[in-house]
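Let me begin by presenting the structure, written as structure tokens, before commenting on it.
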Amino acid sequence: MVQHLRVAIPLLAHHYKCLKKQFYLTDIESYSSLSKTIIKTRKAGENHQVVTFTLQDDNRNRQKRPCKTCPWRKDKVGIFPAEAFRHSAPTGYDIPELIASGEMPSTFACHKTGLKAPSTCAGFLVAESSNHNLSLRMAQMRGEDVLSGVQKGEAPLFDNYYDMAVANGVPPDDPRITPCWRPKKNNPDR
């Protein structure tokens, strides 16, 4: 474990420097001092929108458990349009794919909290694929306990973004979701 961390931390630091340069951030402090930043909002179907945001340091709001209509719940497939999952796909990208895509590191926002009080979705936080989210990995490097107080709940959840998106109508070969992390058994190309 320690040996793995020794490799992962310099690798993440390198990726962070690349992202910092790519997004014209002048120094680590300027990125870390941002508390809540709405990166963008996009319409997804008639009644939905996708909010992409970042929360830094101790300002990270998080849901404590998946809500009754959480898209990560396997029993709630079809509530949200496929377009919403296409928009949010970069939150499921593995770190190298995120950097190659040019997307800003972000987390999967809770659909209930919207623009007024953006928070990270509990279903996203407990999913196996969140271990590969650059924004969460950087928070952990800063010493933040991203799972503090978060519970999985009783409903079965998707383990990764790719499977959730496909179950909700995104074609499996859609280039927007193919960079998403998933276990090797489901992704023979990796």
Side-chain angles (χ1 to χ4, degrees), residues 15 19 22-23 37-55 62-63 65-115 118-139 146-147 150 152-190:
H15 291 317
L19 285 168
Q22 181 176 356
F23 293 105
T37 303
I38 304 294
I39 298 172
K40 57 186 159 185
T41 61
R42 288 149 331 266
K43 191 164 179 61
E46 288 295 312
N47 301 313
H48 301 282
Q49 71 176 358
V50 173
V51 177
T52 303
F53 73 98
T54 60
L55 290 173
R62 63 182 69 78
Q63 295 300 98
R65 68 181 51 143
C67 67
K68 292 180 181 179
T69 56
C70 180
W72 286 86
R73 290 177 56 154
K74 290 182 176 181
D75 62 344
K76 299 301 174 183
V77 169
I79 292 178
F80 300 95
E83 190 63 18
F85 295 94
R86 291 188 79 254
H87 286 316
S88 298
T91 65
Y93 288 3
D94 200 0
I95 293 170
E97 282 76 12
L98 177 72
I99 291 166
S101 75
E103 295 278 349
M104 182 76 156
S106 61
T107 59
F108 189 87
C110 174
H111 71 280
K112 286 175 43 177
T113 59
L115 286 170
S119 66
T120 304
C121 171
F124 165 76
L125 287 170
V126 298
E128 183 180 357
S129 61
S130 70
N131 294 325
H132 301 270
N133 177 277
L134 181 57
S135 186
L136 293 180
R137 295 287 293 271
M138 290 184 332
V146 296
L147 292 175
V150 178
K152 190 172 183 174
E154 299 298 319
L157 303 173
F158 288 100
D159 290 328
N160 63 77
Y161 193 94
Y162 178 87
D163 290 347
M164 177 180 64
V166 169
N168 280 280
V170 179
D173 60 348
D174 188 309
R176 190 75 176 151
I177 66 165
T178 54
C180 291
W181 178 89
R182 55 199 185 274
K184 287 187 187 279
K185 65 179 171 127
N186 296 341
N187 186 10
D189 296 334
R190 291 196 183 178

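These numbers were taken from a predicted model, which means no experiment stands behind them.
P105 is not listed as a side-chain neighbour of R137, based on a closest heavy-atom distance of 4.5 Å or more. A heavy-atom distance below 4.5 Å is not found between the side chains of F158 and E128. The side-chain heavy atoms of N160 and P183, taken from C-beta on, include a pair separated by under 4.5 Å.
The backbone N or O of S119 lies less than 3.5 Å from no partner atom in the side chain of R62, so there is not a single donor-acceptor pair. Under a 3.5 Å cut-off, the side chain of Y162 and the backbone N or O of P172 do form a donor-acceptor pair. Within the 3.5 Å criterion, the main-chain N or O of S106 finds a donor-acceptor partner in the side chain of N133. Under the 3.5 Å distance criterion, the side-chain polar atoms of Y161 are matched with a main-chain donor or acceptor of F85.
Annotation for R176: atom CZ counts as buried by contact number, over 12 foreign heavy atoms lying within 6.0 Å.
Judged as a side-chain contact (heavy atoms from CB on, under 4.5 Å), and not counting sequence neighbours, the contacts of A127 are W72, S129. By the salt bridge (Lys or Arg N to Asp or Glu O under 4.0 Å) test, R86 pairs with E83, D174, sequence neighbours left out. For D75, the side-chain hydrogen bond (donor to acceptor under 3.5 Å, both in side chains) criterion is met by R73, not counting sequence neighbours.
Shown here for L157 and V126, the closest heavy-atom pair between the two residues is CD1-CG2, 3.5 Å. Closest of all the heavy-atom pairs between N168 and G78 is OD1-N, 2.8 Å. Closest approach of G123 to C70, counting heavy atoms only: CA-SG, 4.1 Å. Among all heavy-atom pairs drawn from K76 and K68, the shortest one is CE-O, 2.9 Å. Here the closest non-hydrogen pair linking P66 and A122 is N-CB, 3.5 Å. Taking all atoms of both residues into account, the shortest heavy-atom contact from L147 to L125 is CD2-O, 3.4 Å.
Remark: E97 does not engage R182 in a salt bridge, criterion side-chain N to carboxylate O under 4.0 Å.
Between W181 and H132, the ring planes lie parallel to each other; the angle is under 30°, not in the 30° to 60° tilted range.
Residue S130 forms a side chain to side chain contact (heavy atoms under 4.5 Å, CB included) with just one option from T91, L136, T107, and that option is L136.
With rounding to the nearest 0.5 angstrom, the CZ atom of F80 is 4.0 Å from the NE2 atom of H111.
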